[in-house]
Amino acid sequence: MLGVTRLPPWFEQAFAAFEPVFTDSRNADSFKHLASTLILGEAQSTVSELSRGISRPAGSAKSRRAYDYFFSGADWSSADLAQYHAEYVFDQLQIGAGDDVLLHIDDTFVPKTGDATDGVARLYNPVAGETELGNKVVTSSLQVGDVYVPYRARMYVPEDLAPDFDEPFKKKTEIAVEEIVTPLQLPAGAALTVVFDSAYYGDERVIAIQNQGHDVVCRLKSDKHVSPRGVVWTQRVDAFASTLEYESTTITVRGKEKTYDVASEIVEIEGVGPVKIVVSETDDTTRHYLSTDLGRSAAEILEFVEHRWNIETVHEESNAKFGFKQYQLEGKQAIERYIQLVFLAWTLVTFSERANVGFWEERGGLSVRLDHAKEAYLVETMLEITEEVAPSLPRAERREQLHELVREFSWSSLANSFVAVANKYTPSNRLCGFYADLIRKSLFNKMNTASLARLDPVH
């Protein structure tokens with residue numbers, strides 16, 4: 001695969017918004033290099049492979065050690081990058097007074113076979129349904145309307161390993177509130193609703209979030225006790241729900257309609273105060289939810305709950321497309337910085353074609369947007385290479401120079417196979433035509449036909 005050289009114009013402008021995070025221009029360059037290789041690279045790329053994906057002819061490309069230092073020792077904050085990330089999203093979506101923002105909270109398991117990585121322990125893996133060696137990462141995503149992007153991730157360190165760190169031990173729920181919800185700064189007048197499942201519920205957490213001026217929507221366990229308003233006794237929420245009247249409600253989420261039998265009522269929770277309880281029944285399953293915004297309708301609350309599943313998509317696609325769980329770094333800080341770059345790469349790809357109103361309104365999938373972003377980077381490399389070869393040279397000399405340049409500009413692990421394809425292929429008379437066909441045969445075997453057509457030479 002061809003490596004990153006210069007940035008496509010749109011990405012260059014987008015990356016400029018994040019430069020204030022880095023006081024040292026060398027760190028800013030490393031940031032742009034590594035985020036770009038996450039976009040351009042394959043999902044299984046490790047940090048070592050990413051560092052090889054930055055073409056040496058770019059001039060400022062560095063050694064693997066320099067990129068390791070960027071993750072492990074350089075002076076910059078992943079918290080600051082996360083806030084700039086959020087501000088970029090709000091700016092792109094023009095969020096302001098009166099707008100609703102959702103912040104979804106969850107966690108995910110990252111398998112690790114050894115204990116050299118910080119935080120590795122035997123932890124519950126929900127996919128396997130048992131404990132395994134690995135890391136647990138508390139994650140989050142921002143959503144406005146139908147648009148959602150990853151926001152911030154923080155590693156959970158088990159209590160028995162906490163003495164190895166300067167930071168005090170925190171439960172996952174504490175990490176969620178203190179390190180994800182609290183630092184997030186919203187545009188003036190925007191309203192935030194924090195959405196999580198029952199594993200993150202706690203009276204003190206709901207109160208802490210409310211004290212920051214935000215609302216909470218979450219699932220409740222059936223044994224949670226509530227009080228009807230105006231009475232002092234409590235009862236389990238499932239017992240209380242059985243006394244309510246239900247009506248059919250249909251909502252549309254992720255393009256699909258879902259119909260529930262729904263009941264809702266305002267109740268009291270000791271220490272929390274009044275909350276709205278929503279009970280949904282479908283397919284013989286009953287679930288109970290809470291909203292601290294008493295004015296929300298039952299349908300709106302259910303929509304927020306359903307939207308929470310978008311964070312599962314974030315987990316799956318950020319790993320499949322950007323290597324979210326492919327880090328080969330040992331330190332907690334380095335891992336959290338790496339994940340922050342993955343999340344930012346997702347976001348930049350998501351917004352890269354927002355200027356194309358028709359494409360944006362049709363909500364072209366992340367896979368399509370990512371193909372287009374890769375194409376934009378590859379076009380810059382094609383221009384870089386073609387500008388190095390004088391068209392007046394004899395064809396044989398042009399061919400030989402192209403071979404050399406391809407070796408220089410390719411990720412080292414693939415350079416030999418790339419050149420082997422070139423040696424077997426008879427080039428076109430036109431340099432651009434040769435190079436476009438070369439990319440077709442060696443690189444774009446998975447890209448759709450429409451994307452390939454854009455690489456045709458201009459006659």
Decide whether S352 and H372 meet the rule of one side-chain donor and one side-chain acceptor closer than 3.5 Å.
-> no
Give a yes or no on this: more than 12 heavy atoms of other residues, nucleotides or ligands lie within 6.0 Å of atom CG of N211.
-> yes
Would Q83 and E87 count as having a side-chain donor-acceptor pair, cut-off 3.5 Å?
-> yes
Taking all non-hydrogen atoms of both residues into account, name the closest pair between F165 and G119 and its distance.
-> CZ-N, 4.3 Å
When the ring planes of W76 and F22 are compared, do they come out parallel, tilted or perpendicular, using 30° and 60° as the limits?
-> tilted
Name the orientation class of the two ring planes belonging to H85 and Y151 (parallel below 30°, tilted from 30 to 60°, perpendicular beyond 60°).
-> perpendicular
All heavy atoms of A345 vs all of I39, minimum pair found to be CB-CG1, 3.9 Å
Sidechain-backbone polar pair: S227 side chain, W233 backbone, donor-acceptor under 3.5 Å = yes
In a table with atom names and distances, give each donor-acceptor pair under 3.5 Å that connects a side chain of residues 265-279 to protein atoms at least two apart or in another chain.
| residue | atom | partner | partner atom | Å |
| --- | --- | --- | --- | --- |
| K276 | NZ | R296 | O | 2.7 |

For the pair K374 and L370, evaluate side chain to side chain contact (heavy atoms under 4.5 Å, CB included) and give the outcome as yes or no after the intermediate values.
-> CA-CA 6 Å; K374 289 181 178 182; L370 184 56; 4.0 Å; yes
With V101, the side-chain contact (heavy atoms from CB on, under 4.5 Å) member among V89, L192, T193, L93 | L192
Take F90 and D99, measure what side chain to side chain contact (heavy atoms under 4.5 Å, CB included) needs, and give me the verdict at the end.
-> CA-CA 10 Å; F90 297 148; D99 291 323; over 6 Å; no
Atom CD in E19, atom OG in S25: separation rounded to 0.5 Å?
-> 9.0 Å
Closest approach of A17 to P20 (non-hydrogen atoms, all atoms of both residues) = O-CD, 3.7 Å
Taking D197 for its side chain and D106 for its backbone only, find out whether a donor-acceptor pair lies under 3.5 Å.
-> no
Ignoring hydrogens and angles, state whether a donor on the side chain of D215 or T292 is under 3.5 Å from an acceptor on the partner side chain.
-> yes
Flag, side chain of N319 to backbone of K325, donor-acceptor distance under 3.5 Å = yes
Between the main-chain N or O of W309 and the side-chain N or O of E312, is there a donor-acceptor pair closer than 3.5 Å?
-> no
After noting the C-alpha distance and the side-chain angles of L341 and L81, does the key distance pass the side chain to side chain contact (heavy atoms under 4.5 Å, CB included) rule?
-> CA-CA 9 Å; L341 259 63; L81 184 59; 3.8 Å; yes
If every non-hydrogen atom of F109 is compared with every non-hydrogen atom of P126, which pair is closest and at what distance?
-> CB-CD, 4.3 Å
Can you list every pair that meets salt bridge (charged side-chain N to carboxylate O under 4.0 Å, His left out) and has a residue in residues 218-227, with sequence neighbours left out?
-> D203-K224
When the ring planes of Y148 and W346 are compared, do they come out parallel, tilted or perpendicular, using 30° and 60° as the limits?
-> tilted
Would you mind writing out the side-chain donor-acceptor pairs for residues 167-189 within the sub-3.5 Å range, not counting sequence neighbours?
| residue | atom | partner | partner atom | Å |
| --- | --- | --- | --- | --- |
| E167 | OE1 | K332 | NZ | 3.2 |
| K170 | NZ | E178 | OE1 | 3.1 |
| K170 | NZ | E179 | OE2 | 3.1 |
| K172 | NZ | D107 | OD2 | 3.3 |
| T173 | OG1 | R205 | NH1 | 3.2 |
| E174 | OE1 | K171 | N | 2.8 |
| E179 | OE1 | R154 | NE | 2.6 |
| E179 | OE1 | R154 | NH2 | 3.0 |
| T182 | OG1 | V177 | O | 2.8 |
| T182 | OG1 | Q212 | NE2 | 2.9 |

Taking the side chain as every heavy atom from C-beta outward, state whether Y377 and S36 have any atom pair closer than 4.5 Å.
-> yes
OG-OH distance between S77 and Y84, expressed to the nearest 0.5 angstrom = 11.0 Å
Gap between atom OG of S248 and atom CD of E281 - 0.5 Å precision | 11.5 Å
Taking the side chain from Q333 and the backbone from S72, do they hold a donor-acceptor pair closer than 3.5 Å?
-> yes
Taking the side chain as every heavy atom from C-beta outward, state whether L290 and V217 have any atom pair closer than 4.5 Å.
-> no
Could you walk me through whether V314 and F324 pass side chain to side chain contact (heavy atoms under 4.5 Å, CB included), step by step?
-> CA-CA 10 Å; V314 166; F324 165 36; over 6 Å; no
Shortest non-hydrogen contact between V253 and H307, atoms and distance | CG1-CE1, 4.1 Å
Please check if atom CZ in R122 has more than 12 non-hydrogen atoms from other residues, nucleotides or ligands closer than 6.0 Å.
-> yes
Taking the six-membered ring of F18 as reference, does the NZ or CZ atom of K32 fall below 6.0 Å from its centre and within a 45° cone about the axis?
-> no
Hey, does V206 have a side-chain heavy atom less than 4.5 Å from the side chain of Q210?
-> yes
Rounded distance (nearest 0.5 Å) linking atom NE2 of H104 with atom CD1 of I311 | 7.5 Å
Do Y88 and T347 get their side chains close enough for a donor-acceptor pair, meaning under 3.5 Å?
-> no
L220 side, atom CG; R236 side, atom CZ - distance, nearest 0.5 Å = 12.0 Å
Taking the side chain as every heavy atom from C-beta outward, state whether N135 and Y327 have any pair of such atoms under 4.5 Å apart.
-> yes
Do H33 and Y67 get their side chains close enough for a donor-acceptor pair, meaning under 3.5 Å?
-> yes
Does the side chain of Y201 come within less than 4.5 Å of V216's, by heavy atoms?
-> no
Say whether, by atom type as modelled, one donor and one acceptor occur between the side chain of T243 and the main chain of A239 under 3.5 angstrom.
-> no
Do P228 and F240 come close enough that some side-chain heavy atom pair is under 4.5 Å?
-> yes
How about F343 and I339: do any of their side-chain heavy atoms sit closer than 4.5 Å?
-> yes
Minimal non-hydrogen separation, L123 against G134, with atom names = CD1-O, 3.4 Å
Just by distance, with hydrogens left out, do T250 and T259 show a side-chain donor and acceptor under 3.5 Å apart?
-> yes
Quick one: does S140's side chain have a donor or acceptor within less than 3.5 Å of a partner on R152's backbone?
-> yes
Got a second to check how far L161's CG is from D118's CG, nearest 0.5 Å?
-> 9.0 Å
Minimum side-chain heavy-atom gap D238-H288 below 4.5 Å | yes
